[in-house]
Amino acid sequence: MPELPEVETVRLGLVPVLEGRVLAKVTARRPDLRIPLPPGFAKRLTGRRVVKLTRRAKYMLVHLDGDEILLVHLGMSGRFTVHGKVVGSFVHRAVDAENGLGAHDHIVFDTDAGQRVIYTDHRRFGLMTLLKASEQEAHKLLAGLGPEPLSAEFSAASLSKALEGKRTPIKAALLDQRVVAGLGNIYVCEALYRAGISPLRLAATIQSARLKKLVDAIKAVLRDAIKAGGSTLRDYKHTDGELGYFQHTFQVYDREGEACCTKGCKGVVKRVVQSGRSTFYCATCQR
DNA sequence: AGGGGGACCTGTGCGC
DNA sequence: TGCGCACAGGTCCCCC
């Protein structure tokens with residue numbers, strides 16, 4: 001589920017629930033996710049006011065009063081659900097009884113507005129930790145990240161520089177969060193398809209005109225996905241309060257054996273494995 | 001030093 | 001129906 005657009009959709013969905021609210025009660029129902037929760041995690045959060053929610057790559061940052069930040073990563077299967085009464089235009093399902101919590105509902109946030117936000121993560125690849133706002137730049141998990149793909153900093157010129165001398169396939173290079181931060185397996189496949197570039201091509205061998213096309217494709221595919229997430233949020237009252245899922249229309253991802261979507265292309269979508277992960281592409285129109 | 005592969009977890013879907 | 005295996009949208013750490 002969670003690449004940059006999904007994390008952004010989760011963030012946008014939580015803004016009306018959490019921003020400006022006090023965390024009246026926080027419960028950690030186990031001591032760890034992928035890594036241990038910091039000592040006194042729930043206690044340190046309880047009573048704090050949420051100032052704002054931001055995002056960096058696939059991380060969500062919950063800025064708290066007192067110069068502290070709750071850093072959240074959803075891993076592969078992390079999700080948030082919102083339970084409780086109407087806030088803004090969003091209608092959420094009724095608050096569950098305490099015994100309504102499931103085995104994988106690990107962290108529970110109750111706000112002073114009477115809403116409950118539950119973090120669920122059955123594979124526990126997600127993480128939550130606390131850091132000082134002043135440490136943000138230097139924090140181990142954030143320090144090495146490359147540019148935000150939707151920022152002006154991410155351009156054909158900067159990408160070209162990042163790929164210089166890379167003897168690795170472009171697919172692997174784009175998954176490297178130091179090159180560009182926030183792409184995952186799906187959107188890399190989709191962006192390479194839109195740009196007409198083979199995922200197998202060695203990163204450093206892509207000419208600048210095609211890099212420009214790739215950068216444009218990455219930005220476009222992310223914007224489209226965020227837009228799709230946003231329209232799902234607007235229809236929130238029709239859903240059950242689960243954040244981050246929306247109807248994707250992938251053109252190659254998970255379409256092995258299907259006809260290529262490109263007009264006039266007679267190709268069929270192939271699946272190959274690159275550094276242990278599935279890559280989907282059309283060998284006819286991606287060169 | 002950079003890159004590939006395994007490890008971390010649980011759930012699901014498929015073939016036999 | 002049941003069992004075992006492959007696979008899942010992420011990242012870290014170890015080793016070459």
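Lettering follows sequence order; numbering is per chain, from 1.
- When the nucleotides C:dC12, B:dT10, C:dG9 are ranked by their closest atom to the side chain of A:R34, C:dC12 comes out on top.
- Across C:dC12, B:dT10, C:dG9, the shortest atom-to-atom separation from the side chain of A:R277 is found for C:dG9.
- Side-chain proximity of A:H73 to B:dG3, C:dT11, B:dC9: nearest is C:dT11.
- Between the A:R11 side chain and the A:L53 main chain, a donor and an acceptor come within less than 3.5 Å of each other.
- Separating the P atom of B:dA7 from that of C:dC5 is a span of 16 Å, rounded to the nearest Å.
- One interatomic measurement links the two molecules: CG of A:D176 to P of B:dG3, which rounds to 7 Å at whole-angstrom precision.
- Between C:dG9 and A:Y187, no contact under 4.0 Å exists linking OP1 or OP2 to a side-chain N or O.
- Residues A:K52 and A:E19 are not paired through a salt bridge, judged by the lack of any N-O separation under 4.0 Å between the basic side chain and the carboxylate.
- Ionic pairing of A:E68 and A:R48 is present here: one or more N-O contacts between side-chain nitrogen and carboxylate oxygen are shorter than 4.0 angstrom.
- Pairing partner, C:dA8: B:dT10, with both Watson-Crick or wobble hydrogen-bond distances short of 3.5 Å.
- When the side-chain nitrogen and oxygen atoms of A:T168 are compared with OP1 and OP2 of B:dG4, one or more of them lie within a distance under 4.0 Å.
- Listed candidates were B:dC9, B:dG4, C:dC7. Nearest to the side chain of A:S278 is C:dC7.
- Each of A:N185 and A:L127 was matched to the nucleotide of DNA chain C holding its nearest heavy atom; the match closer to the 5' end belongs to A:N185.
- Taking only side-chain atoms of A:P169, from C-beta outward, the nucleotide of C:dA8, B:dG4, B:dG11 with the closest atom is B:dG4.
- We find that CD of A:E256 is positioned 15 Å from C1' of C:dA8, with the value rounded to whole Å.
- Rounded to whole Å, atom P of C:dG10 lies 4 Å from atom NZ of A:K58.
- Residue A:Q177 places at least one side-chain N or O under 4.0 Å from the OP1 or OP2 atom of C:dT11.
- Contact annotation for A:L175: no contact, since no heavy-atom pair falls under 4.0 Å across all strands.
- Here A:F125 lies parallel enough and close enough to stack on the base of B:dC8, with planes under 30° and ring centres under 5.5 Å apart.
- With rounding to whole Å, A:R255 atom CZ is found 16 Å from C:dG9 atom P.
- As judged by a 4.0 angstrom heavy-atom cut-off over every strand, A:R124 is placed among residues touching the sugar-phosphate backbone only.
- Across all strands shown, A:Y59 has heavy atoms under 4.0 Å from sugar-phosphate atoms exclusively, and none from any base.
- At a threshold of 4.0 angstrom between heavy atoms, the contacts of A:G276 with the nucleic acid are absent.
- Here the closest heavy-atom approach between residue A:L175 and residue A:L183 is recorded as CD2-O, 4.3 Å.
- When the C1' atom is used for both C:dG9 and B:dG3, the distance is 22 Å, rounded to whole Å.
- Note: A:F250 and A:Y187 have perpendicular aromatic rings, judged against thresholds of 30 and 60 degrees for the angle between ring planes.
- Between A:L141 and A:R271, the residue anchored closer to the 5' end of DNA chain C is A:R271, taking for each the nucleotide with the nearest heavy atom.
- Annotation: C:dT11 and B:dT12 have their P atoms spaced 23 Å apart (nearest Å).
- Of all non-hydrogen atoms in A:D121 and A:G126, the two that sit nearest each other are OD2-N, 2.9 Å.
- One finds a salt bridge joining A:E258 and A:R255 here, because a Lys/Arg side-chain nitrogen approaches an Asp/Glu carboxylate oxygen to under 4.0 Å.
- Checked against C:dC12, C:dC13, C:dG10, the side chain of A:K140 finds its nearest nucleotide in C:dC13.
- Computed from coordinates, the A:H139 NE2 to C:dT11 C1' distance equals 14 Å when rounded to whole Å.
- With rounding to whole Å, A:I186 atom CD1 is found 4 Å from C:dG9 atom C1'.
- Between A:F280 atom CZ and C:dC7 atom P there is a gap of 10 Å when expressed in whole angstrom units.
- In this structure, A:H122 atom NE2 and B:dT12 atom P are separated by 7 Å, rounded to whole Å.
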